[in-house]
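Everything on this sheet refers to the single structure shown next.
Hydrogens, waters and symmetry mates play no part in the numbers below; they use all other heavy atoms, side chains included.
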There are 2 protein chains.
Amino acid sequence: MLRIYSMQSSGNAYKVRLLLAKLGHEFQLVDIDLLRGENRTPDFLMKNPEGRVPLLELPGGRFLPESNAILFYLAEGTPLLPDAPLARAEVLRWMFFEQHSHEPAIAAARFWLKLVRGGRELRTHDIDRWLEEGYAALGVMDRHLQRRPFFIDGTMTIADIALYAHTHVAHEGDFDLAAFPAVRGWLARVANEPGHVDMDWRPQLAGQMVSTV
Amino acid sequence: MLRIYSMQSSGNAYKVRLLLAKLGHEFQLVDIDLLRGENRTPDFLMKNPEGRVPLLELPGGRFLPESNAILFYLAEGTPLLPDAPLARAEVLRWMFFEQHSHEPAIAAARFWLKLVRGGRELRTHDIDRWLEEGYAALGVMDRHLQRRPFFIDGTMTIADIALYAHTHVAHEGDFDLAAFPAVRGWLARVANEPGHVDMDWRPQLAGQMVSTV
C-alpha cells in the first residue's frame, strides 16, 4: 500500500491527499508535524534528506519527494494527466509556475502568518515581497482563467490540483481574492468536481488506514 | 522549425539551447534582452504573459513557457528522458527541486550580482538569504551525488541539464563550490558528455538560423 508522509495543514501535502481521494486509492497517512520538528529527526531525514513533506513511500521502500512529482507519478494513466505530449507539457508548465512563482510567496505567507505563532513579527520584512509576488501570480492565473474553465484544455488536471491547494487558502496569508473573479470561479469549479475532499479530510473517514509517528 | 526566445546569459534559456544542441535539432534563436525590457513589450507579452524567457514557439504558433516544461516536451522519446514511470518521476522531482529550492536563490544571486549594474547595492538585504538557501540546495545535491555519477540511474537526463545550467555559473553569484566536491565532479562529467555546448554557444555556429528582434 502507498504511504504518504504528510502534515494536515500543508498545502503541498493536501495536493497528494486530494489526488488520492479523487482516484479512490487506499493509502496510509503518516503525520509529520513540521512545527514540532518531526521532519528533522534522523529517521525522517534518512527517508527524505530535504526534510520536507509530502513524501511518497512506495512498496519496496523507495521514496519520492516533491509534491508535483508525486502528482505526476500517481496520475499517470488517469484522466487527470492527459496523454498528448503538448497537453502534458502544459500541465508541467503550470506545475513549474506553481512551484517557482506561486507557492514560495502564497504558501510562505500563510505558513508564517497563520501557522507559526509570532510568525508575523519574525518575518515582517518578507511580507511585502510575498504579497507582491503572490499577487503577480494570481494575476497571471486570473488572465489565463478568464477564457477557460480549468488550466488545460477544459478538463481538470493535476495542474488544477497543484494550484488549488495553496490558492484556496491564500486568504490565510493575507491575500484578498476580490480582484481575481476568474480565480474565484475556478476555485468553486474545482471544489465541485467529483471526488473532491477538503483539506481536513483524512483517509480513515473513507475506511482507509492512518497512523501517526 | 522550432523557435526559442532566449537571453544568452540566462541560465534557464541555456538549458533549452544545451538540450537542442545535444539532440542535434535545428532551431531559430530569437534574442530577448531582459535588461533592456524586451520581455515587457506588448508583442512579447502576447506570446508569454509572464514576460519570461525561455519561451518555445511551436510550428502553428503555439507557445510553451517554463524552461523545465520545455525540456520535458523536447526530450520525450530520447535517452535524456527515461521511459520508466518512477525514473520519470525522479527526473521531475529534481526539476521541481531546481525551480523551487535552487534557481530562486542561485540564479537570483548571479542575476543581481553579475548581470545587473549596481545590483549588489539594490538587493543588499536579499543576498544573505540567497546564499543561505543556495548553499542548502548545493548541500542536498552534493549528498545525492556522492554515490551517483548523475542525478537519476547513472545516465545523464534533463534533470542534470536543469541543475547544471545555474550551478556551473554559481560562482558568478558569490557561491564557492569548494565544499561540494561531488557537485564539482558532476559538473565536469556533464561538460564531458557528447554534444555538450557552453553558455556562449549560438546555433549559427552549427549552420543553424539565428535572428534578433
Legend entry - Interatomic distance, A:Leu92 atom CG to B:Ile70 atom CD1 [nearest 0.5 angstrom]: 11.5 Å

Inset, instruction - Answer yes or no: does atom NZ of A:Lys114 have more than 12 heavy-atom neighbours from other residues, nucleotides or ligands under 6.0 Å? - result: no

Legend entry - Options B:Pro104, B:Pro65, B:Pro49, ranked by heavy-atom pairs under 4.5 Å with chain A, top entry: B:Pro65

Inset, instruction - Give, for atom CZ of B:Phe97 and atom CZ of A:Arg52, the distance between the pair rounded to the nearest 0.5 Å. - result: 8.0 Å

Legend entry - Inter-residue atom distance A:His100.NE2 - B:Asn68.CG, 0.5 Å rounding: 9.5 Å

Inset, instruction - Decide yes or no for A:Met95 and B:Met95: does some side-chain heavy atom of the first lie under 4.5 Å from some side-chain heavy atom of the second? - result: no

Inset, instruction - Flag the one option from B:His144, B:His125, B:Glu90 with the top tally of heavy-atom pairs under 4.5 Å to chain A. - result: B:Glu90

Inset, instruction - Over all heavy atoms of both residues, which pair between A:Ala89 and B:Leu64 is shortest? Give the atoms and the distance, please. - result: CB-CD2, 3.7 Å

Inset, instruction - Using a strict cut-off of less than 4.0 Å between a Lys/Arg side-chain nitrogen and an Asp/Glu carboxylate oxygen, indicate whether B:Arg143 and A:Glu50 qualify as a salt bridge. - result: no

Inset, instruction - Determine the interplanar angle of the A:Phe96 and B:Phe96 rings, folded into 0 to 90°, and report it as parallel if under 30°, tilted if 30 to 60°, perpendicular if over 60°. - result: parallel

Legend entry - Inter-residue atom distance B:Asn48.CG - A:Arg93.CZ, 0.5 Å rounding: 6.5 Å

Inset, instruction - Rounded to the nearest 0.5 Å, what's the gap from CZ on B:Arg88 to CD on A:Glu76? Could you check? - result: 6.5 Å

Legend entry - Gap separating the CD atom of B:Gln99 from the CD atom of A:Glu98, nearest 0.5 angstrom: 12.0 Å

